[in-house]
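Working notes, beginning with the structure itself.
Convention: sequence-line order gives letters A, B, ...; per-chain numbering from 1.
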Amino acid sequence: MNQYRGRRDSIRALVEDDRVHRDVYLSEELFALEQEHFFANTWNYLGHASQVPRSGDYYAIDLAGRPVMMVRQADGSIRVLYNRCAHKGTKLVTDTCGGTGKFFRCPYHAWTYKIDGSLLAIPLKKGYEGTRMSECETGKGLVALRHVVVYRDFVFVKFSDHGPDFEDYFGEALQSIDNMVDRSPTGQLLIEGGAMRNVIRCNWKMYFENINDTVHPVSTHESAVRAAESLWKDRAPDEPKPMAMEQILPFGSSYDFFDRMGGRVFANGHSLLGVNFSIHSGYSQPPDYEAAMNEAHGVERTLEILERSPQNSVFFPSLAVKGSPQAIRVIRPLAADRTLVEAWSLRVVGAPDLLFERTQTYNRLVFSPMSVVAHDDVHLFESVQEGLRAPGNEWVSLHRNFDAAELEQETITTNGTNELLMRNQFRAWSKFMTLGMEA
Amino acid sequence: MASVTDRDLIDFVYAEARLLDLQRYDEWLALFAEGGHYWVPLQGSQQADPRSHNSLAYEDRLLLSLRVERLKDPRAHSQHPPSRAQHVLQQPFVERRDDDANVYELSTPFMYVEARAEQQLVLSGVYRHTLEHSGGALRILLKRVDLLNAEAAFPAIQLFP
């Protein structure tokens with residue numbers, strides 16, 4: 001199987017202006033090339049600085065097939081190291097998170113490293129005298145990633161030396177992280193309460209498209225919405241809704257609602273859905289929170305921060321952010337047909353507990369493996385993954401509201417049901433998949 | 001039931017799981033007290049409470065009714081084909097009796113299998129029931145499901161472990 005390796009133009013031909021070829025979802029070869037090229041050339045979210053509060057704390061995961069760990073340094077900065085002993089390749093830590101103290105010690109042969117990754121000590125040192133060990137890769141200790149940016153506590157990495165720098169890569173899209181952080185009167189968010197962790201038998205790109213798919217709720221979530229509506233229909237109109245009802249019922253909004261909410265695309269696949277309003281706009285703010293915000297930011301700026309409540313902001317290709325509730329989704333490809341999705345909750349420092357309760361409730365209702373909303377999404381993603389194998393039509397349609405003028409622009413604001421938000425992701429996929437690749 | 005015996009409590013836990021396996025969800029729902037909850041903590045047996053850390057599910061009767069109502073809807077897409085469940089229980093152990101308050105606690109190690117078409121999911125752990133005896137009947141104040149691997153990444157869990 002070598003249909004795409006070394007064939008840049010064949011890869012580019014998979015993404016047409018208004019549709020994509022099914023191989024982008026199905027091909028194991030393309031998946032391997034994505035790990036190698038696409039996920040090396042793009043900036044990917046690793047974790048949040050609050051997950052490693054003290055010196056020596058680490059958070060270790062697999063990112064695009066590479067074992068990495070972010071480690072808090074003694075000076076308060078964060079380094080990202082490959083989780084691989086320089087000696088034989090053992091992972092230095094096998095817990096997802098923990099504190100290593102002042103050094104890492106490999107459990108296999110007791111090689112030790114400072115928390116910045118440099119080699120500290122090895123047993124039987126004399127045995128290496130006169131060998132090439134100290135001059136080669138092994139002697140340099142743990143390999144540190146060169147391209148790491150901690151943006152308002154969100155830690156992003158890029159594996160390759162190719163590709164744009166961080167600011168150029170995300171550009172205006174970063175305003176969505178700014179908005180979430182600015183919702184804290186002290187400018188601080190904390191990861192708390194654990195993650196909802198899902199494994200879905202579909203390609204990761206399908207999940208990203210769905211984050212911007214405003215036309216599916218009406219039919220996909222029909223059963224969950226109808227059940228919620230039937231339980232609520234006999235209540236007085238002014239009866240305050242429980243938080244769960246407040247969060248589920250808007251999934252029944254009309255095509256018109258989703259169209260009017262508006263969408264915006266940015267260069268490199270990023271997007272903002274819900275430019276004008278979203279299903280999250282109706283959440284009321286506790287008065288003591290508004291007071292604390294006014295104190296910190298001034299009345300005008302507070303209004304501006306709290307007014308903005310988009311549905312989803314995509315930081316392609318690893319992260320989707322909601323400003324309110326303070327929920328983020330991290331998407332990790334595992335195979336062409338397997339994707340890990342984690343939904344994390346952020347506590348807004350200086351805000352009442354109600355905000356965190358909303359975030360946890362939302363993640364539990366909508367992103368838990370037990371969520372009745374997600375069950376229908378997951379079923380349909382898995383159904384698409386299977387259905388695409390049918391012969392007769394090898395293409396997936398992205399035609400809605402296509403306009404040739406969009407090809408000449410970077411930032412575009414449009415209607416909420418325009419599939420431009422998905423086309424934009426695939427254009428970035430094609431670009432970073434083949435960046436630096438010879439024809 | 002004038003006074004509740006250990007046998008009554010144990011039989012209740014078995015009967016509750018049986019209603020789920022038989023998909024008699026309305027009857028199952030009626031076993032919950034007015035303020036009763038079904039809770040699957042994300043930290044399994046380590047979790048202190050449902051607020052400080054998140055849960056795979058933490059549902060009152062309203063949310064449980066939503067689940068049950070949805071399962072009846074022909075447009076519950078993820079139920080084509082439908083899921084089936086089998087609970088296999090070890091004998092429940094009566095952990096605590098408070099006959100003055102009429103509140104009783106039991107723990108029950110279990111295996112849970114949920115099957116749908118070619119896929120089968122197996123979960124294991126311990127149920128912790130808090131039951132209340134009132135008006136001559138036992139009702140569930142809390143059914144806590146402590147999964148052995150609660151922090152793992154799961155496929156969809158569609159019914160009631």
Top contributor to chain A interface from B:R51, B:R67, B:R116, B:E69 [non-hydrogen pairs under 4.5 Å]:
B:R67
Partner chain A: residue of B:S55, B:A156, B:P161 with the largest heavy-atom pair count (under 4.5 Å):
B:S55
Answer with side chain, backbone, both or neither: which region of [X] has an atom nearer than 4.5 Å to a non-hydrogen atom of chain B?
| X | value |
| --- | --- |
| A:E357 | side chain |
| A:R364 | both |
| A:S383 | neither |
| A:A374 | neither |

So what's closer than 4.5 Å to chain A heavy atoms on [X]: side chain, backbone, both or neither?
| X | result |
| --- | --- |
| B:V68 | neither |
| B:E114 | neither |
| B:E151 | backbone |
| B:L56 | both |
| B:L159 | backbone |
| B:D73 | side chain |
| B:L42 | side chain |

I'd like to check B:E16 versus B:I140 (side-chain heavy atoms, cut-off strictly below 4.5 Å). Are they in contact?
yes
By salt bridge (Lys or Arg N to Asp or Glu O under 4.0 Å), which residues pair with B:R84, not counting sequence neighbours?
none
Can you sort out the partners of A:K241 under salt bridge (Lys or Arg N to Asp or Glu O under 4.0 Å), two or more places apart, ordered by chain and number?
none
Which one wins on heavy-atom pair count under 4.5 Å against chain B: A:A244, A:A227, A:A195, A:P242?
A:A227
Look at A:E192, A:E382, A:R201 and state which one has the largest set of heavy-atom pairs under 4.5 Å with chain B.
A:R201
Residue by residue, which of residues 329-347 of chain A have a heavy atom closer than 4.5 Å to a heavy atom belonging to chain B?
A:L340, A:S345
Donor-acceptor contact below 3.5 Å, side chain [X] vs main chain [Y]:
| X | Y | value |
| --- | --- | --- |
| A:T220 | A:P217 | no |
| A:D213 | A:H216 | yes |
| B:R144 | B:G44 | yes |
| A:Q326 | A:G323 | yes |
| B:Q90 | B:T108 | no |

Residue pairs fulfilling ring-ring contact (aromatic ring centres under 6.0 Å, His included) with at least one residue in residues 64-100 of chain B, sequence neighbours excluded:
B:H87-B:Y112
Show your working on ring-ring contact (aromatic ring centres under 6.0 Å, His included) between B:Y58 and B:H37 and close with a plain yes or no.
CA-CA 7 Å; B:Y58 180 62; B:H37 280 83; 4.6 Å; yes
From CA spacing to verdict: ring-ring contact (aromatic ring centres under 6.0 Å, His included), B:F12, B:H129
CA-CA 10 Å; B:F12 179 91; B:H129 284 82; 7.0 Å; no
Do B:K143's NZ or CZ and the ring of B:Y127 fall within the cation-pi criteria of under 6.0 Å and 45°?
yes
Salt-bridge contact A:R66-A:D62 (side-chain N to carboxylate O under 4.0 Å)
no
